Number of protein chains: 2
Amino acid sequence: MSDEDPLEHAELTFLLGMAFQLTLTEFVRRVEAEGYGDLRPVHGFAFQVLRHGGATSTELAARLGVTKQAAGQIVAYLEERGYVRRVEHAGGGRRRLVVLTDRAHEHLAVAGRTMHGLERQIGEELGEEGLASLRGQLAELVRGLSGPELPPLRPVW
Amino acid sequence: MSDEDPLEHAELTFLLGMAFQLTLTEFVRRVEAEGYGDLRPVHGFAFQVLRHGGATSTELAARLGVTKQAAGQIVAYLEERGYVRRVEHAGGGRRRLVVLTDRAHEHLAVAGRTMHGLERQIGEELGEEGLASLRGQLAELVRGLSGPELPPLRPVW
DNA sequence: CAACCTGAGTAAAGTTGCTTGACTCGTCTG
DNA sequence: CAGACGAGTCAAGCAACTTTACTCAGGTTG
């Protein structure tokens with residue numbers, strides 16, 4: 001351990017923050033380069049929630065950890081740009097089911113490939129076992145700090 | 001690896017995000033419980049920048065990765081609450097040196113103890129070697145994705 | 001079966017934490 | 001001494017939310 005390396009002495013929380021910020025920023029940069037400059041990370045999370053069968057905007061709100069008004073705004077933004085449609089909901093009432101369009105599914109495919117490529121690149125650097133053990137320890141840390149239910153991933157400060 | 005565990009199959013970026021959010025949230029919760037509900041994470045980072053000899057607000061801005069106007073607002077907020085003082089700057093000009101008060105140094109001591117306790121608790125869960133290897137891999141990941149200079153830690157989305 | 005309650009969705013205004021643009025004021029330089 | 005430079009400030013704008021206050025569709029109950 002070199003005394004000059006600030007990373008070795010950094011707080012764990014700081015290391016986690018740096019690692020998350022760098023990977024997410026790199027991911028966003030690559031996805032933007034593919035022509036999706038109109039999507040922010042929260043839209044990717046919304047796509048993950050909606051990808052299998054859709055959801056109402058109130059359900060989306062709960063999963064994203066925001067108010068239903070905020071979710072409504074996100075849906076309106078995505079609808080304007082052709083990423084989602086609002087269709088009738090089998091449950092009736094005022095409910096509307098928000099579903100992904102083909103364009104959103106294309107984005108999911110691109111984002112998936114990008115994420116995969118980034119992870120493979122990190123794997124080359126850490127080695128296969130290094131990456132696997134990193135994933136395992138992160139998972140254990142998350143399990144220890146959260147309850148049985150995973151909390152929604154929110155902006156961090 | 002259980003097939004039911006969503007964490008084992010999660011993207012690395014997602015794992016990092018969850019781990020960071022959970023540790024930071026827990027840290028903030030504990031520090032707030034010590035009576036520092038008026039401080040956000042960015043103030044802690046500002047304290048780290050200012051802790052040894054202070055800085056001008058323009059220097060602070062560069063270190064936090066925000067505009068000098070934003071840094072000025074942060075300094076004004078901290079000054080109102082008695083965490084920093086603006087003193088004369090040896091360099092002259094319009095420069096003012098922002099320095100921490102005793103109250104801020106007390107907070108740094110509390111935050112340091114809290115951070116240490118949280119890391120020790122995580123260490124119990126992962127084991128000594130687990131924690132050390134997690135730290136090592138995170139440091140390597142950060143080194144790989146950033147240049148020689150570490151970027152400022154910013155809100156993540 | 002009418003009155004009520006609930007839950008989804010919307011509308012409007014307020015809040016926060018920044019940014020951009022446009023300055024003022026000391027000092028240094030040619 | 002004119003002008004440039006850099007620190008700091010003032011004001012307005014903006015994004016992504018929140019809070020408050022509704023409307024509307026449908027089940028529930030006395």
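Note that the structure is predicted; figures quoted are calculated from it, not measured. A note on names: the letters A, B, ... follow the listed sequences, proteins ahead of strands, and every chain is numbered from 1.
Using a 4.0 Å heavy-atom criterion, one finds that A/G92 contacts no nucleic acid atom at all.
A/R63 places its CZ atom 18 Å from the C1' atom of C/dA8, with the value rounded to the nearest Å. Residue A/Y77 contributes atom OH, which lies 15 Å from atom C1' of D/dC17 at whole-angstrom precision. In this entry the distance linking CD of B/E88 with C1' of C/dG26 reads 13 Å, nearest Å. As a whole-Å value, the separation of A/H89 NE2 from D/dG26 P is 13 Å.
The side chain to side chain donor-acceptor pair (under 3.5 Å) test applied to A/R51 returns A/Q48, not counting sequence neighbours. Residues passing the ring pair (Phe, Tyr, Trp, His ring centres under 6.0 Å) test with A/F47, sequence neighbours excluded: A/Y83, A/H107. With sequence neighbours excluded, no residue forms a ring pair (Phe, Tyr, Trp, His ring centres under 6.0 Å) with A/F27. Applying the side chain to side chain donor-acceptor pair (under 3.5 Å) test to B/E59 and every residue at least two apart in sequence or in another chain returns nothing.
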field: Sequence-aligned protein contact record of nucleotides 7-12 of chain D, with B where the base is within under 4.0 Å of a protein heavy atom and S where only the sugar-phosphate is
entry: BBBB--
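Close to D/dA16, at under 4.0 Å from its OP1 or OP2, lies a side-chain N or O of A/R40.
When only modelled atom types and interatomic distance are considered, B/Q137 and A/S133 share a side-chain donor-acceptor pair under 3.5 Å.
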Listing, residues 70-79 of chain A side-chain donor-acceptor contacts under 3.5 Å, not counting sequence neighbours, or none:
from  : atom 1 : to    : atom 2 : distance (Å)
A/Y77 : OH     : A/D38 : O      : 2.7
A/Y77 : OH     : A/R81 : NE     : 3.4
A/E79 : OE1    : A/R86 : NH1    : 2.8

